[in-house]
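Before any comments, here is the structure.
All ligand and atom numbering here is 1-based and tracks the order in the structure. We're numbering straight along the sequence, starting at 1.
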Amino acid sequence: MTSKPVVVETVRELKALTSAFRSEKARIALVPTMGALHAGHMALVRRAQEVAEKVVVSIFVNPTQFGPTEDFSRYPRTFDADFEKLSELGADAIYAPDAAEMYPRGFSTRITMSGPADGLESDFRPQFFAGVATVVGKLFIRCAPDFAAFGEKDYQQLKVVTRLSKDLDLGVEIVPVPTTREPDGLALSSRNAYLSAEERAIAPVIYTALKSAALNIRGGATPVDAAQKAADTITAKGLKVDYVAARHAETLAPLSGAEGEPIRLLAAAWLGGTRLIDNIGV
Ligand code: AMP
């Protein structure tokens, strides 16, 4: 079934729409995105449709989560194509505020987090999780969804927003969705569009190196050694590694070494001017 999603741009319209959904006793799932939608986002929408009767997709390239030298201005913006994809899937609504609607003049609040936000991405993008937590907090308050779908592709972000919803009693159940990959293993990302053909051919090394590291850990290697080996493999292909790390899969704390501790391997690396991230369970 295809139907056109309703597009709303203001918080007033969004609240009117979500109250109408609620008066029909529909549960609402929110799928927060920055647009430039690909099959990974589509998997989130499908999962959201499984858990709720109404699905709202937000499209907002959030300036506050980008650092001053990052790719905010060149980040792909493809609203018409996004609208078509969401129409095909039968998403119910698109919330596409502009920056002035999200951050009116005089905006002075920032949600900062520790716990799962500590280290990893925060070591290299110090502004990132405050930007994410603040905008996701606002989206949750504005939309008041029952559920919100987030991709495992951004695993630290998934853990951060899960913590945020609990800590601020936002009452939104976070629904994790596995990473959608290209046939050669590369995790789908809007930033893959930046890669040259040569870089695109090399990019799957992050995933293959993480897979080998997971195998090595299961085979008895220490997580530190396995992560170092993966970093060496990625570096040998010409990427510049920000981190390859083994962390507790739920808290993202450094491993304690306890027997049976759940482990997640996470990596970030630069391929030319493009920063790629990926992660897998062990
Ligand atoms: P973005 O538009 O990149 O901010 O991502 C919006 C949402 O889509 C986040 O929850 C991401 O984790 C998720 N996402 C992005 N890429 C993928 C992917 N390859 N597989 C699954 N989820 C993804």
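Under a 4.0 Å N-O distance rule, the pair Glu50/Arg47 qualifies as a salt bridge. Between Asp184 and Arg200 there is a salt bridge, with a side-chain nitrogen of the basic residue lying less than 4.0 Å from a carboxylate oxygen of the acidic one.
Neither the backbone nor the side chain of Glu152 comes within 4.0 Å of ligand 1, counting heavy atoms alone. At a heavy-atom distance under 4.0 Å, no atom of Val31 approaches ligand 1. Here Pro178 has backbone heavy atoms under 4.0 Å from ligand 1, and that is the only part of it that gets that close. Contact annotation for Ser190 and ligand 1: no heavy atom of the residue comes within less than 4.0 Å of the ligand. At a 4.0 Å heavy-atom cut-off, ligand 1 touches His38 through the side chain alone.
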For this session: Evaluate salt bridge (charged side-chain N to carboxylate O under 4.0 Å, His left out) for Asp278 paired with Lys211, printing each intermediate quantity in order.
Result: CA-CA 11 Å; Asp278 204 347; Lys211 269 203 312 195; over 6 Å; no
For this session: Determine, stepwise, if the pair Asp225 / Gln228 fulfils side chain to side chain donor-acceptor pair (under 3.5 Å).
Result: CA-CA 5 Å; Asp225 288 349; Gln228 184 57 53; over 6 Å; no
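Checking Tyr95 against Glu13 by side-chain atom types alone, no donor-acceptor pair falls below 3.5 Å.
In this structure, the side chains of Met42 and Leu37 come closer than 4.5 Å at one or more pairs of heavy atoms.
Pro32 O, 3.3 Å is the protein heavy atom nearest to atom 6 (C) of ligand 1. Closest protein heavy atom to atom 10 (O) of ligand 1: Gly151 N, 2.9 Å. Of the protein's non-hydrogen atoms, the one nearest atom 23 (C) of ligand 1 is Lys153 CB, 3.9 Å. Here the protein heavy atom with the shortest distance to atom 1 (P) of ligand 1 is His41 NE2, 3.7 Å. The nearest protein atom to atom 20 (N) of ligand 1, hydrogens excluded, is given as Thr180 N, 2.9 Å; this is a heavy-atom distance. Looking from atom 4 (O) of ligand 1 to the surrounding protein, the closest heavy atom is Met34 CG, 3.6 Å. For atom 19 (N) of ligand 1, the closest non-hydrogen atom of the protein is Leu188 O, 2.8 Å. Nearest protein heavy-atom neighbour of atom 12 (O) of ligand 1: Asp154 OD2, 2.6 Å.
Using a 30° and 60° split on the angle between ring planes, Phe72 and Phe66 fall in the perpendicular class, above 60°.
In summary, the atoms of ligand 1 found under 4.0 Å from a heavy atom of Thr33, numbered by their order in the structure, are 2 (O), 6 (C). For ligand 1, the atoms sitting less than 4.0 Å from at least one non-hydrogen atom of Phe150 are 10 (O), numbered in the order shown with element in parentheses.
The cationic group of Arg264 lies under 6.0 Å from the six-membered ring centre of Tyr155 and within 45° of the ring axis, placing it in a cation-pi geometry. A cation-pi contact, defined as under 6.0 Å to the ring centre and within 45° of the axis, is absent between Arg125 and Tyr243.
In this structure, the separation between CD on Glu182 and CG on Asn192 is 7.0 Å, given to the nearest 0.5 Å.
For Ala39, the closest heavy-atom approach to ligand 1 does not fall below 4.0 Å.
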